[in-house]
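Start at 1 and go down the list; that is how both ligands and their atoms are numbered.
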Amino acid sequence: MSAPTADRKATGVFSPSRAEIPQRTLRTDRWWQSPLIVNLGFAAFIIYATVRAFLQNNYWVAEYHYLTPFYSPCFVKWNEATQSGCIPEASHFGQFLPDVWWLPYAAVSLPFLLLFRLTCYYYRGAYYRSVWQSPTACAVPEPRAHYTGETRLPLVIQNTHRYFFYIAVLISLVNTYDAITAFRSPSGFGFGLGNVILVVNVLLLWTYTVSCHSCRHVVGGRLKHFSKHPVRYWMWTQVSRLNTRHKTYAWITLGTLMLTDFYIMLVASGTISDLRFIG
Ligand code: FES
């Protein structure tokens, strides 16, 4: 793909005061490759997650108490007549939502998780580039003439990210509870491959959540004198370390979420059986 020549005049690098270069960019590398890969990755996750969230089946393995994170917490009322809604044992925190086809069983957590990732500083950087092309790559001028950044509605709302971080911590606690209570078998305690997958997924979700930029700010980033706050300074140091890999954790957790859900779906539907170590 070669860089198109901009048909727009008099803005950005085509301003009258700038050196006269007709090309949109002089970069000769494949600068469009990274945004393309990001778009494909986002599309794969969004399509998979949407389809699974609305399927309303194969989310719970009764024998071993495996619950997929895409259906947690499961709040939809069980309907005995139609045998639909959340299976009562899968609802660890009660049931109060109506059983309608357009409401995912995890309708309480999914919107917040979506907003948490949507307002994440890493994802913003990623989709501002790959979807909105603002800019598509460094030193590649933007296709639009005006730019207001995050100063107006709706983008000014991105500043609420820390509140979604707090909610994400609560949801991570719920996922942790699900993972711990999944060490079950019909005879009591049990341990299988599903447990390994659930626990690894939860640990990585915690790593992604704790490596959040808002978390870094909250634990110590906003302090002025670290010497007066030794504990918070230590916490800030640890979070900062994780934060350097925030992008990696963002992608890894998209992968482990899909993998965890897919594995539980296969076991729940009877397509494969869980590899059991105990029980
Ligand atoms: S900045 Fe990415 S989750 Fe907070």
Side-chain angles (χ1 to χ4, degrees), residues 34-35 37-46 48-50 53 68-70 72-73 106 108-138 149-179 198-223 232-261:
S34 166
I37 293 170
V38 166
N39 273 336
L40 291 175
F42 284 166
F45 182 82
I46 291 168
Y48 180 88
T50 308
T68 163
F70 286 6
S72 176
V108 170
S109 59
L110 294 183
F112 290 111
L113 290 175
L114 178 67
L115 285 165
F116 178 51
R117 299 232 174 198
L118 215 53
T119 57
C120 162
Y121 287 68
Y122 163 66
Y123 286 117
R124 273 144 80 175
Y127 66 74
Y128 286 173
R129 280 176 178 255
S130 58
V131 181
W132 293 344
Q133 306 195 17
S134 183
T136 321
C138 296
E150 295 181 338
T151 57
R152 308 199 178 156
L153 276 172
L155 289 187
V156 74
I157 296 172
Q158 304 277 30
N159 289 312
T160 56
H161 179 63
R162 78 191 62 176
Y163 302 109
F164 300 119
F165 161 71
Y166 298 141
I167 296 170
V169 169
L170 293 178
I171 297 172
S172 295
L173 287 171
V174 170
N175 293 148
T176 308
Y177 181 85
D178 294 341
L198 279 166
V199 168
V200 168
N201 178 55
V202 153
L203 288 175
L204 286 164
L205 283 179
W206 272 115
T207 312
Y208 168 69
T209 307
V210 171
S211 69
C212 165
H213 294 254
S214 287
C215 177
R216 184 169 180 256
H217 178 78
V218 169
V219 298
R222 66 198 178 91
L223 296 177
R232 291 182 69 182
Y233 174 60
W234 180 84
M235 282 169 31
W236 174 82
T237 314
Q238 305 309 314
V239 171
S240 298
R241 245 185 229 162
L242 293 176
N243 182 256
T244 58
R245 299 214 157 72
H246 190 58
K247 168 185 174 176
T248 311
Y249 299 131
W251 281 105
I252 288 179
T253 47
L254 288 190
T256 58
L257 277 166
M258 283 199 288
L259 194 83
T260 307
D261 177 78

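Ligand 1 lies within reach of Tyr208, whose nearest heavy atom is under 4.0 Å from it. For Phe116, the closest heavy-atom approach to ligand 1 falls below 4.0 Å.
Put simply, the side chain of Tyr48 does not reach to within 4.5 Å of the side chain of Phe45, judged on heavy atoms. Side chains of Ser109 and Pro73 form a contact here, defined as non-hydrogen atoms less than 4.5 Å apart.
Environment of OH in Tyr127: crowded, with over 12 heavy atoms of neighbouring residues, nucleotides or ligands closer than 6.0 Å.
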Tell me, with the steps shown, if Leu223 and Trp236 meet side-chain contact (heavy atoms from CB on, under 4.5 Å). CA-CA 10 Å; Leu223 296 177; Trp236 174 82; over 6 Å; no
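Close approach of ligand 1 to His213 (heavy-atom distance below 4.0 Å) involves ligand atoms 1 (S), 4 (Fe). Interface of Tyr121 with ligand 1, defined as ligand atoms under 4.0 Å from a residue heavy atom, comprises 1 (S), 2 (Fe).
Using cut-offs of 30° and 60° on the angle between ring planes, the pair Phe116 and Tyr208 is perpendicular.
Taking 2.8 Å as the threshold, Cys120 does not count as a candidate ligand of atom 4 (Fe) of ligand 1, since none of its N, O or S atoms lies below it. Counting backbone and side-chain atoms alike, His246 contributes an N/O/S atom closer than 2.8 Å to atom 2 (Fe) of ligand 1.
Rounding to 10°, one obtains 100° for the angle at atom 4 (Fe) of ligand 1 between SG (Cys212) and NE2 (His161).
In this structure, Arg162 is not positioned above the aromatic face of Phe165 in the sense of NZ or CZ being under 6.0 Å from the six-membered ring centre and within 45° of the axis.
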